[in-house]
Amino acid sequence: MPFTLATWNINSVRLREGLVCKLLEQDAPDVLCLQECKSPVDKIPVEAFHAAGYTHMVARGQKGYNGVAILSKLPLEDVGDKDFAALGHARHVAARLPNGVTIHNFYVPAGGDKPDREVNVKFGQKLDYLTGMRDWFHAEPPKKAILVGDLNIAPREDDVWDHKKLLRVVSHTPIEVAHLAETQGAGNWVDITRQDIPEGNLYSWWSYRSPDWDAADKGRRLDHVWATPDISNAAHSSRVSRAVRGWEQPSDHAPVFATFDL
DNA sequence: ATGGTCGTGCTACGA
């Protein structure tokens, strides 16, 4: 049975409850992974999601910051969370589907403004978080697994609107890209979005500060779908739903989709 | 080199 999965940094699940429902009704993915819910788990508006047919949820939350949730039409088994770099943040949760596939939903730290851990603690925490992910995947190699989320790094030159201009901008610096590559390598993760769309500029985030985001198109691909090699060849039909970024009172991220024939 | 815009929750902080 094929199933479709989407990942979306929602930037407040409470403020954008209506947009989540619109996406669920319009695209009807079997599983929707959200990041930056900015809500305790017991304040996530689950009733509306239940009404849309998403009767299962596995989530971690905190007041005002971070937060990750997996909404599903299919039953989910909560298989835990990790707190890499001991930040005490709700940035990861994992769940298992009835077909045995494990889904990891991540919100990697943004990393602050200055790409220098000596002057910016947040940048060091971001690198340490990625190192924690790497070490975990090395110690416990994932199998039949999908990893999605806002990884806050655009690794390829064509994942940003201007590679040279962004080399010293947090999200595209060589040290971040190297850390992400190590994390990906440690789990043998396949970049499903780029397996399906190998060529051309592709973005999933456009800053709120850009006055005309669509025309200016100064985007970055910060949101990712990865899978382990034992299921990567079952993936297809990846896409970024750019139109969602143009909805009323939008998130600054667009959802990324992939389908798996499993 | 700087500022631009959001969301949360209280006037600052994180993205």
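Every chain is numbered from 1 and lettered A, B, ... according to where its sequence line falls, protein lines coming before strand lines. Heavy-atom basis, side chains included; hydrogens, waters and symmetry copies ignored.
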Exercise. Are any of A/Gln249's side-chain N or O atoms less than 4.0 Å away from OP1 or OP2 of B/dC6?
Worked result: no
Exercise. Considering only the P atoms, how many Å lie between B/dA1 and B/dC6, rounded to the nearest integer?
Worked result: 27 Å
Problem set entry | Distance, C1' atom - from B/dA15 to B/dG4, rounded to whole angstrom | 13 Å
For this session: Give me the ring orientation class for A/His104 and A/His92: parallel if the planes are under 30° apart, tilted from 30 to 60°, perpendicular past 60°.
Result: parallel
Exercise. Which nucleotide in the list B/dG14, B/dG7, B/dG9 gets nearest to the side chain of A/Leu15?
Worked result: B/dG7
For this session: Please report, rounded to the nearest Å, how far the P atom of B/dA12 is from the CG atom of A/Asp113.
Result: 18 Å
For this session: Write down the distance between CH2 (A/Trp206) and P (B/dC6), rounded to a whole number of angstrom.
Result: 16 Å
For this session: Would you kindly check if the NZ (Lys) or CZ (Arg) of A/Arg245 is within the cone defined by 45 degrees around the ring axis of A/Trp213 and under 6.0 Å from the six-membered ring centre?
Result: yes
Seminar exercise, completed: Closest of B/dG7, B/dA15, B/dG9 to the A/Lys63 side chain is B/dG9
Exercise. Closest nucleotide of DNA chain B for A/Tyr65 versus for A/Val13: which of these residues is on the 5' side?
Worked result: A/Val13
Exercise. Which part of the nucleic acid, if any, lies within reach of A/Arg91 when heavy atoms closer than 4.0 Å are counted: base, sugar-phosphate only, or nothing?
Worked result: sugar-phosphate
Exercise. Would you say the side-chain atoms of A/Gln35 and A/Asp150 include a donor-acceptor pair closer than 3.5 Å?
Worked result: no
Problem set entry | Donor on one side chain, acceptor on other, A/Asn11 and A/Tyr208, under 3.5 Å | yes
Problem set entry | Closest to the A/Arg16 side chain, choosing from B/dG14, B/dA15, B/dC6 | B/dC6
Exercise. For B/dT8, does either OP1 or OP2 sit under 4.0 Å from a side-chain N or O belonging to A/Ser12?
Worked result: yes
Seminar exercise, completed: Here the distance between atom P of B/dT5 and atom CH2 of A/Trp205, to the nearest Å, is 14 Å
Problem set entry | B/dG14 to B/dC10 separation - P atoms, rounded to the nearest Å | 15 Å
Problem set entry | Distance in angstrom units between A/Leu87 CG and B/dG14 C1', rounded | 14 Å
For this session: Send over the distance from A/Glu17 CD to B/dT8 P, rounded to a whole Å.
Result: 13 Å
Exercise. Between B/dA15 atom C1' and A/Glu176 atom CD, what is the distance in whole Å?
Worked result: 14 Å
Seminar exercise, completed: note: A/Glu36, atom CD; B/dT8, atom C1'; distance rounded to Å ~ 11 Å
Exercise. What pair of heavy atoms forms the shortest contact from A/Ala69 to A/Ile44, and how long is it?
Worked result: CB-CD1, 4.4 Å
Problem set entry | Atom-to-atom span, CG of A/Asn9 to C1' of B/dT5 - whole angstrom | 15 Å
